[in-house]
Amino acid sequence: MSEEQWCLSRETLRDQCLKLQEFRTKVASWYCSHGRDFPWRHADTSYQRVIGELLLQRTRARVVAGFYLDFLAEYPSWESLSRANEKDLQGLLRNVGLWRRRARSLIDLASAVMDTGGQLPDTRAELEKLPGIGQYMASAVLVLCYGEREPLLDVNMARVLERVFGPRQRADIRYDPYLQDLARSVVQVDNAVEANWAVLDLAAGICTIAHPKCHECPLVCLCSFASQAT
DNA sequence: AATTCGGGGTC
DNA sequence: GACCCAGAATT
């Protein structure tokens, strides 16, 4: 590698690092004044946090906000959920979609948790053995319940990251090392939970899939997508 | 890698 | 009326 090439690649790496830091600080600052508030963000048990994430799968946050507290009132613990009547649970989820599969999945997970002492494991390998816990949910449990700096890398966070930092390598987000590493580095901060929420809120309110509000976006000067969109 | 689950919101 | 949503299991 010539000295010129070396300088170029070194410069590019430094730029990427600076871009990452700028991304973090600008999103965090935006979040302070524009962040959303949801009941599950005030959850005070692991159970409540995990239920929030499970209900949010393929379901809009505002819809979940409408019945999340009712769900917790009806099923306040792993123990009560494991003993739930499947038909009753289906009825509670009926107007949310995925109701049959989700009712079964919730009961199965609660039963599995009760079988292992009523507590969730704290490693990815053990978490992903549980029914209904995949790559995303394992990360969610690690960051929300155990304070590890893991990303809530869903389709929305992926969209923001790809617009700013470039496209993924694989079709499936969960097995794309580029996106996974990028997302993980984004949340290497003191409060990883809020860092995750900040990106998700930006994705939901500004960096939307259709008609993104680039003129309101704190990342507009970092983002290659913004310049080509209006 | 592609399909399935799913009602409701959004355009 | 098509498309999408804080995914995971199945094929």
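All chains are named by letter (A, B, ...) in the order of the sequence lines, taking the proteins before the strands, and each is independently numbered beginning at 1.
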Exercise. How long is the line joining CD of A:Q135 and P of C:dG7, in whole Å?
Worked result: 12 Å

Could you pull out all donor-acceptor pairs under 3.5 Å where a side-chain atom in residues 109-119 of chain A meets a protein atom, sequence neighbours excluded?
residue	atom	partner	partner atom	Å
A:S111	OG	A:I107	O	2.8
A:T116	OG1	A:A112	O	3.4
A:T116	OG1	A:V113	O	3.1

Exercise. Within the structure shown, what part of the strands sits under 4.0 Å from A:R41 by heavy-atom distance: base, sugar-phosphate, or nothing?
Worked result: base

For this session: Please step through side-chain contact (heavy atoms from CB on, under 4.5 Å) for the pair A:F71 and A:L92, ending with a clear verdict.
Result: CA-CA 8 Å; A:F71 185 100; A:L92 192 53; 3.8 Å; yes

Problem set entry | Euclidean distance, atom CG of residue A:L152 to atom P of C:dC5 [Å, nearest integer] | 16 Å

Exercise. Are more than 12 heavy atoms from other residues, nucleotides or ligands located less than 6.0 Å from atom CZ of A:R62?
Worked result: no

Seminar exercise, completed: Within residues 177-207 of chain A, the residues having a heavy atom closer than 4.0 Å to DNA chain B are none

For this session: With heavy atoms under 4.0 Å as the rule, sort A:I133 into base, sugar-phosphate or nothing.
Result: sugar-phosphate

Problem set entry | A:R62 vs A:Q57, nearer the 5' end of DNA chain B by closest nucleotide | A:Q57

Seminar exercise, completed: For residues 84-96 of chain A, the salt bridge (charged side-chain N to carboxylate O under 4.0 Å, His left out) pairs (sequence neighbours left out) are A:E86-A:R104

For this session: Using a heavy-atom cut-off of under 4.0 Å over every strand shown, decide if A:M157 touches base, sugar-phosphate, or nothing.
Result: nothing

Exercise. How close or far is atom P of C:dC4 from atom NE2 of A:H211, stated in whole angstroms?
Worked result: 13 Å

For this session: Starting at atom CG of A:L106, determine the distance to atom P of C:dA8, rounded to an integer number of angstrom.
Result: 13 Å

For this session: Measure the distance from CG on A:D172 to P on C:dT10 and round it to the nearest whole Å.
Result: 16 Å

Exercise. Does A:D172 pair with A:R174 as a salt bridge, N-O distance under 4.0 Å?
Worked result: yes

For this session: May I ask you to decide if A:S185's main-chain N or O and A:R24's side chain share a donor-acceptor pair within less than 3.5 Å?
Result: yes

Problem set entry | P gap between C:dA6 and B:dT4, integer Å | 22 Å

Problem set entry | Toward the 5' end of DNA chain C, by each residue's nearest nucleotide, A:G52 or A:G132 | A:G52

Exercise. For the pair made of CD1 in A:I173 and C1' in C:dC5, what is the distance, rounded to whole Å?
Worked result: 12 Å

Exercise. Would a distance-only check, ignoring hydrogens and angles, find a side-chain to backbone donor-acceptor pair under 3.5 Å from A:D201 to A:G35?
Worked result: no

For this session: With P as the reference atom in both, quote the distance from B:dG8 to C:dA8 in angstrom, rounded to an integer.
Result: 24 Å

For this session: Scan for salt bridge (charged side-chain N to carboxylate O under 4.0 Å, His left out) pairs involving residues 134-147 of chain A, sequence neighbours excluded, and state none if there are none.
Result: none

Exercise. Between the side chain of A:D122 and the main-chain N/O of A:L127, is any donor-acceptor distance below 3.5 Å?
Worked result: no

Exercise. Is any side-chain heavy atom of A:F23 less than 4.5 Å from a side-chain heavy atom of A:L222?
Worked result: yes

Problem set entry | Neighbours of DNA chain C within residues 76-103 of chain A, by heavy-atom distance under 4.0 Å | A:R101

For this session: Group every Ile, Leu, Val, Met, Phe, Trp and Tyr by side-chain heavy-atom contacts under 4.5 Å, then state whether A:V64 and A:L98 land in the same group.
Result: no

For this session: Give a yes or no on whether the ring-centroid distance for A:Y68 and A:F38 is below 6.0 angstrom.
Result: no

Exercise. Hey, does A:R36 reach any base, or is it just sugar-phosphate, or nothing, if we go heavy atoms under 4.0 Å?
Worked result: base

Problem set entry | Integer-rounded Å distance: C:dA6 C1' and A:L56 CG | 5 Å

Exercise. Rounded to the nearest Å, what distance is computed from the CD atom of residue A:E53 to the P atom of nucleotide C:dA8?
Worked result: 10 Å

Exercise. What are the bounds, 5' to 3', of the part of DNA chain B that sits under 4.0 Å from heavy atoms of chain A?
Worked result: B:dT4 to B:dT10

Exercise. What interatomic distance, in whole Å, is found between P of C:dT11 and the corresponding atom of B:dG6?
Worked result: 16 Å

